[in-house]
Amino acid sequence: MTTLYCAQWILPVATATIDDGAVAVDGSMIVATGARLELIKQFPEAEVRDFKEAAILPGLINAHSHLELTALRNYLDPEERDFFAWLRKLTAARLERMSPDDLYVSAAWGAVEAARAGVTCVGDASDAARTSLAAVRDVGLRGTVYQEVFGPDARSAREQFERLRDKVDELRGAGNERVRLGVSPHAPYTVSAPLLELVTDYALAENLSVMMHAAESVAETQLMRDGTGPFAEGLAQRGIEWRAPGVSTVQYLAHLGVLSARPLLAHCIAVDEADVVTLRDEGARVAHCPKSNAKFGHGRAPYESFLRHDLAVGFGSDSVASNNTCDMLEEARFATLLSRASIGEMMTGRMVDAGDALRTATTGGARALEVGHQTGALAAGMQADLAIVSLAGAHQLPVYDPATALVFASSGRDVLLTMVAGREVFRDGRVVTVDEERLRARMKEIARKLEGQS
Ligand SMILES: [Zn+2]
């Protein structure tokens, strides 16, 4: 049974915008895109769903999230001027105060928020991958959930690695055809060089995707370049030996062989032109998280350089504990404005435009998560992952170019429908796959618990 999803504008992203168009969906697949009248002729039996003054685009991709931390939204803001105090409060809340069910609810609510904002696919880093996998699967999104591993002390590398391997073994079969498992050595300042090497070899042998935080802060650069700064002091206080490699994070990871696993690297702020070339040559991928980076005062990644070198780059919200929303249209707008504001490209070259940002939010994210063959564009033979966004709002009219209106005048709150593999996950104002009201009530309960004990 074919259904035609029609709207005033279809943005396949990989090909030109279609005015008054339709997307034909059969089962989990897109079978055709084109002008509405032509597709009605081609599929005379199809059910027609008309969204009128709206745009149909590929499902938005959030290439870097921590869904399990959704309950910590708005909770850590007083600490954000001090990244270490922020990390400490986060760790204490997550480890000591949240029960396994709290973590599930938190992750599921994050997936609900994503679905409501037109996000169909996530790259999610989690310390409790089983829980996050279940949440992504239950809400009905696509994604990769990366089981995190920590361990800055080289002496315990083998032990930490074996624990990771056991967790991954236990998780085999927990995903499905849409939700995959990966591994995430957290960051260069929390994972020792020997542990990074063990995890890389393991990921290559087992064909597991790797995600890592990299080149995020000045403190990390200081640790890498000359072994000074707060991260170095923190390691010294714990009696952990650290020999600074004297190079950038990217060159450090290249030297250790980590880049041979073509990891997805979140942030990549402290990267120079040579680093970007290294990332491209090694086939590494990037999650650009401009709002999280700005909120922490970490700086900004050279987004325009990633585009110029044709890196596989997607947008990431990072955790909503640091963002504070999962909204990829807002992230696209922010990335574009920040790029233009920072370097005044009017004077030096082509400015990042709405088309660039939409590509990053869709096909770029799909490439970053290695699902570009399935999703990230509207075309026959692709999975039916799409977002339908109203362009009829007071804040959007009049619309001359739908891509411009989507990036500069729209947000996730304008989404009317989100579909993953042909399944309508969000429609008519609600996520239909889970009991949103129960989750909402539980989220408030978790907040009361966290507040009461803080
Ligand atoms: Zn992160």
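First listed ligand is number 1; within each ligand, the first listed atom is number 1. One-based numbering along the sequence shown. Source: prediction; values computed, not measured.
Ser410 places a side-chain N or O within 3.5 Å of a backbone atom of Ala405 that can act as its donor or acceptor partner. Here the side chain of Ser292 pairs no donor or acceptor atom with the backbone of Cys289 at under 3.5 angstrom.
When the options Leu369, Asn62, Thr144 are evaluated for a side-chain contact (heavy atoms from CB on, under 4.5 Å) with Cys121, the one that passes is Leu369.
Protein N, O or S atom count below 2.8 Å of the Zn ion (ligand 1): the structure gives 4.
For residues 232-241, the pairs satisfying side-chain hydrogen bond (donor to acceptor under 3.5 Å, both in side chains) are Glu241-Arg243, with sequence neighbours left out.
Aromatic ring centres of Tyr189 and Trp242: separated by at least 6.0 Å.
Between the side chains of Asp102 and Ser99, at least one donor N or O lies within less than 3.5 Å of an accepting N or O.
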